[in-house]
Amino acid sequence: MLNLVLLLFLLIFIVGYWRWDDIRNHFWHKKYLTYSLTSEQKSLLLKYMPIYQKMTDADREKLERHIVWFLNEKRFIGCDGLQLNDAMKLIVAADACVLVLNKPWPLYRNVKEILLYPSAYYAPQTSRDGAGLVSYHNTVRQGESWPGGTLVLSWHDVLEGSRLPSDGHNLVFHEFAHQLDQETGKTTGTPLLASNADYQQWAKVFSRAFNQLKTHIAYGMPHVIHSYGATNEAEFFAVITETFLEKPAALRQFDPEIYHLLVGYYEFDPIAWH
């Protein structure tokens, strides 16, 4: 009898282990089935989130469901004296969820907490010169994305991203794109993709577009993507995500190949909203 109980327990454990995502999603959908954004929250998004204003009704409904999940599953912490309120959390969650509009729960598997500072903040940095001398100093930052699951944002710059919706700069898009990149376990500018063929296509198009941006900057040629994207491949992915969402028509005209690569990855076409 004891052996039978142990065998049954082992079977339940194995099934639960292999089907954990399905089980968890079942409970999430059941839990959040009756949840929805309030009319006040929707009004706030209409006021402060230009993309939300332009979305189709179907996409807006998907975004709202994601926002509900995000607000309940991620932890927000105010730093440097910032008093967090629900409106701040809502705006950050909404921008973050745009990137994963057509992705299933759990969204941003690695993200555990979002730290919000009132404005740009100082962060310690270590550097080593050519002689091997290590120096320690503070740098001013607007945001950071840590592989361990912490994301840091300047609230002032979050608002600036909403105030200027077509300038190609949005701090939340940028830092959460880094989190998508880091889901592979590395920060390389290549997020998780579905197949080897997708990785090959990504490497080909992404590398060509990255090198093209560096060339355009070096020779003073016009470019739609912000020059910070030429820093490295990881920053290129974050910056081009901002461009994709805020200046989609200009990016498609400038580089249709990289544009369609991003449409395939993000599973939506922002031009439909513009």
Side-chain angles (χ1 to χ4, degrees), residues 95-96 99-100 108-111 115 120-154 157-158 160-161 167-193 198-248 250-251 254-255 257-266:
D95 276 349
L99 272 64
V100 289
Y108 300 106
R109 289 174 176 269
N110 298 333
V111 175
L115 309 185
Y121 56 93
Y122 288 102
Q125 182 170 321
T126 303
S127 60
R128 186 187 300 271
D129 64 19
L133 182 64
V134 176
S135 61
Y136 303 91
H137 54 277
N138 287 327
T139 58
V140 178
R141 295 184 182 174
Q142 298 173 350
E144 295 173 84
S145 176
W146 302 347
T150 297
L151 200 138
V152 190
L153 301 169
S154 153
D157 292 286
V158 170
E160 282 295 289
D167 66 345
H169 295 287
N170 183 294
L171 181 63
V172 179
F173 294 161
H174 185 102
E175 299 303 339
F176 275 92
H178 279 316
Q179 281 293 328
L180 293 175
D181 184 6
Q182 290 162 353
E183 286 181 354
T184 62
K186 300 178 181 179
T187 310
T188 61
T190 302
L192 281 174
L193 302 174
D198 288 335
Y199 280 109
Q200 291 172 7
Q201 178 68 5
W202 185 278
K204 176 185 174 184
V205 175
F206 188 86
S207 296
R208 192 268 310 150
F210 176 57
N211 289 323
Q212 177 178 291
L213 175 62
K214 291 194 293 184
T215 300
H216 279 224
I217 293 170
Y219 289 95
M221 300 166 65
H223 49 89
V224 172
I225 306 160
H226 192 274
S227 57
Y228 186 64
T231 304
N232 55 47
E233 287 86 347
E235 295 301 343
F236 182 70
F237 175 60
V239 168
I240 205 169
T241 293
E242 296 176 87
T243 312
F244 174 69
L245 285 160
E246 295 215 335
K247 301 163 71 174
L251 179 61
F254 177 72
D255 192 334
E257 192 176 28
I258 192 71
Y259 184 83
H260 290 298
L261 186 76
L262 293 170
V263 168
Y265 171 68
Y266 283 113

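Keep in mind it's a predicted model, so treat the numbers as computed, not measured. In this chain, numbering begins with 1 at the start of the sequence shown.
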| Spacing of CG belonging to Leu171 relative to CD belonging to Glu144, to within rounding of 0.5 Å | 10.5 Å
| said: Can you tell me how far apart OG1 (Thr190) and CG (Leu180) are? Round to the nearest 0.5 Å. | reply: 12.5 Å
| For Gly189, does its backbone N or O pair with a side-chain atom of Asp181 as donor and acceptor, under 3.5 Å? | yes
| task | Taking all heavy atoms of Thr187 and all of Ala234, pick out the closest pair and write down the distance. | result | CG2-CB, 3.5 Å
| field | Shortest non-hydrogen separation from Val140 to Ala120 and the atoms involved | value | CG1-CB, 3.7 Å
| message | So, using ring-ring contact (aromatic ring centres under 6.0 Å, His included) as the criterion, who are the partners of Phe236 when residues are at least two apart? | response | Phe206, Phe210
| Flag, side chain of Tyr199 to backbone of Leu193, donor-acceptor distance under 3.5 Å | yes
| query | Tell me, which pairs form a salt bridge (Lys or Arg N to Asp or Glu O under 4.0 Å) where one or both residues lie in residues 228-248, sequence neighbours left out? | reply | none
| request: Assess whether side-chain hydrogen bond (donor to acceptor under 3.5 Å, both in side chains) is satisfied between Ser145 and Gln179, documenting all intermediate values. | output: CA-CA 6 Å; Ser145 176; Gln179 281 293 328; 2.9 Å; yes
| task | Over all heavy atoms of both residues, which pair between Pro191 and Tyr265 is shortest? Give the atoms and the distance, please. | result | CB-OH, 3.4 Å
| note | For Asn110 and Gln182 the tightest heavy-atom approach is ND2-O, 3.7 Å
| task | Quick one: which residue pairs count as a salt bridge (Lys or Arg N to Asp or Glu O under 4.0 Å) with a foot in residues 182-192, not counting sequence neighbours? | result | none
In a table with atom names and distances, give each donor-acceptor pair under 3.5 Å that connects a side chain of residues 212-222 to protein atoms at least two apart or in another chain.
| from | atom 1 | to | atom 2 | distance (Å) |
| --- | --- | --- | --- | --- |
| Gln212 | OE1 | Arg208 | NH1 | 3.3 |
| Thr215 | OG1 | Asn211 | O | 3.0 |
| His216 | ND1 | Pro222 | O | 2.8 |

| remark: The residue among Phe176, Phe173, Phe244 that forms ring-ring contact (aromatic ring centres under 6.0 Å, His included) with Tyr266 is Phe244
| said: If we ignore hydrogens and angles and just use 3.5 Å, is the side chain of Tyr108 paired with the main-chain N or O of Ala96 as donor and acceptor? | reply: yes
| request: Apply ring-ring contact (aromatic ring centres under 6.0 Å, His included) to His223 and list each qualifying residue two or more places apart in sequence or on a separate chain. | output: none
| note | Taken in chain and number order and not counting sequence neighbours, the residues that satisfy salt bridge (Lys or Arg N to Asp or Glu O under 4.0 Å) with Arg109 are Asp21
| Residue Tyr122 excluded, over 12 heavy atoms near OH under 6.0 Å | no
